[in-house]
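Input: a single structure, listed below in structure tokens.
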Amino acid sequence: MMLQGAGLGYRRDLADDFLLLPDNSVINFMEVAPENWIKMGGAARYKFDQAAERFPLAVHGLSLSLGGQAPLDKALLQGIKALMTQYHAVFFSEHLSYCECDGHLYDLLPMPFTEEAVKHVAQRIRDVQDFLGMQISLENTSYYLHSPTSTMNEVEFLNAIAQEADCGIHLDVNNIYVNGVNHGLLNPYVFLDHVDVSRVNYIHIAGHDEEHGATHPVSPSDEAFNKIKGEYRHLPQLLVDTHGEAVKGNVWDLLDYAYQRLPHIPPTLLERDFNFPPFAELYAEVEHIAQLQQKHTKLTGENRHAA
């Protein structure tokens, strides 16, 4: 089933809330990590099956390690393909990262932004697309160590791989913001100005942790200040992409700008992995996504009519 509108990540903690949603819910689709569900059974799988009968499913991988050196995990790929066939899923995305080195590492590690890495990742994406028989999408990730060997910036790297592999771009707006603040190398709005909008077909938005803040007074010349949206703002020294907090105002602003830049409004999902608030609060965040989508769909329609 095709994806559209606003969605929410499906988690076992939220299963009952999904099943209680009315037919006219603002939540139009749900997303799962296949690694969590390929072998899942019992009551959890029964509730998931019930939810999947009602909501179109996006599949978002965690551990294919597209940037890794080990051979692609064909058993995992077979499980992903079977899961997508069973639930009639038509969208799959994976992270621009690697997560293995002589064994599986439970983290998404960054790539050097180099031409060699572009060729390597693109070939592995083409192999995945051939195996699954479909175009996949590549998600920009948050990262906390920038390679000194990089020869291009983050958005140039993402665009180059997507073009070389002929894949879609899964845009994570919170990751763009977190990286922009933490590294100070690429203004988040400049990222959106230069991303290949013709390939953007899916969006994530999420919360991040600001508790890792500065422990000493800082001045506007301090590295803890980063120029965001043309102004200097006092920011924590480190933001952590946790998916365990409410979406921050600056990230909502960035999503609004992304919709302004894009030629169409992609399906957009709220990620929340733990520290769950009352479901009404998550629902309100999904409603806000839908309101922004409607705002820009209306503006696009008015502009086309005027033209």
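One is the number of the first residue; the rest follow in order along the sequence.
Sequence neighbours left out, the pairs with a member in residues 265-288 that pass ring-ring contact (aromatic ring centres under 6.0 Å, His included) are Trp252-His288.
Atom CG of Asn179 is separated from atom CD of Glu154 by 4.5 Å, given to the nearest 0.5 angstrom. With rounding to the nearest 0.5 angstrom, the CG atom of Leu270 is 5.0 Å from the CD atom of Glu285. The distance from atom CG of Leu138 to atom CG of Leu171, rounded to the nearest 0.5 Å, is 11.0 Å. Rounding to the nearest 0.5 Å gives a distance of 9.5 Å between CD1 of Ile27 and CD1 of Ile289. One finds the CG atom of Leu96 at 12.5 Å from the OG atom of Ser137 (value rounded to the nearest 0.5 Å).
Between Pro266 and Asn201, the closest heavy-atom pair is CB-C, 3.6 Å. Thr114 approaches Met152 most closely through the heavy-atom pair C-CE, 3.8 Å. Closest non-hydrogen pair, Ala44 versus Arg12, comes out as CB-NE, 3.7 Å. The two residues Leu64 and Glu35 come nearest to each other via the heavy atoms N-OE2, 4.5 Å. Of all heavy-atom pairs spanning Arg54 and Asp23, the tightest one is NH2-OD1, 3.5 Å. Listed here is the closest heavy atom pair of Pro112 and Ala117: O-CB, 3.4 Å.
Side-chain contact between Leu57 and Phe48 is present, with heavy atoms from C-beta onward closer than 4.5 Å. Two residues are said to be in side-chain contact when any heavy atoms from C-beta on lie closer than 4.5 Å; Leu186 and Ile176 fail this criterion. A heavy-atom distance below 4.5 Å is not found between the side chains of Val190 and Asn153. The shortest side-chain heavy-atom distance between Pro277 and Leu282 falls under the 4.5 Å cut-off. The shortest distance between side-chain heavy atoms of Asp166 and Arg199 falls below 4.5 Å. The shortest distance between side-chain heavy atoms of Arg261 and Val200 does not fall below 4.5 Å. Side-chain contact check for Phe131 versus Leu72: every heavy-atom pair is 4.5 Å or farther apart. Side-chain atoms of Asp193 and Val155, non-hydrogen and from C-beta on, never get closer than 4.5 Å to each other.
A donor-acceptor pair under 3.5 Å is formed between the side chain of Asn175 and the backbone N or O of Asn140. Although no hydrogens or angles enter the test, the distance criterion places no donor-acceptor pair under 3.5 Å between the side chain of Glu94 and the main chain of Ile125. Side chain of Asn159 to main chain of His194: a donor-acceptor pair is present (N/O by atom type, distance under 3.5 Å, no hydrogens or angles). No side-chain donor-acceptor contact under 3.5 Å links Glu31 to the backbone of Leu269. Between the side chain of Arg45 and the main chain of Met40, a donor-acceptor pair closer than 3.5 Å is present. Counting only distance, with no hydrogens or angles, the side chain of Asp172 and the backbone of Thr141 share no donor-acceptor pair below 3.5 Å. Not a single donor-acceptor pair under 3.5 Å links the side chain of Glu164 to the backbone N or O of Lys119.
When each of Gln123, Gln129, Arg124 is checked for a side chain to side chain donor-acceptor pair (under 3.5 Å) with Asp127, only Gln123 meets the rule. No option in His170, His60, His204 other than His60 meets the ring-ring contact (aromatic ring centres under 6.0 Å, His included) test with His95. Each of Tyr87, Phe55, Trp37, Phe29 was compared with Tyr10 under the ring-ring contact (aromatic ring centres under 6.0 Å, His included) criterion, and only Trp37 meets it.
Between His208 and Tyr177, the ring centre distance stays below 6.0 Å.
Using modelled atom types and a 3.5 Å distance limit, the side chains of Gln260 and Asp256 yield no donor-acceptor pair.
When the ring pair (Phe, Tyr, Trp, His ring centres under 6.0 Å) test is applied to Phe157, the partners found at least two apart in sequence or on another chain are Phe113.
Taking the charged nitrogens against the carboxylate oxygens, Asp130 and Arg126 have no contact shorter than 4.0 Å, which rules out a salt bridge.
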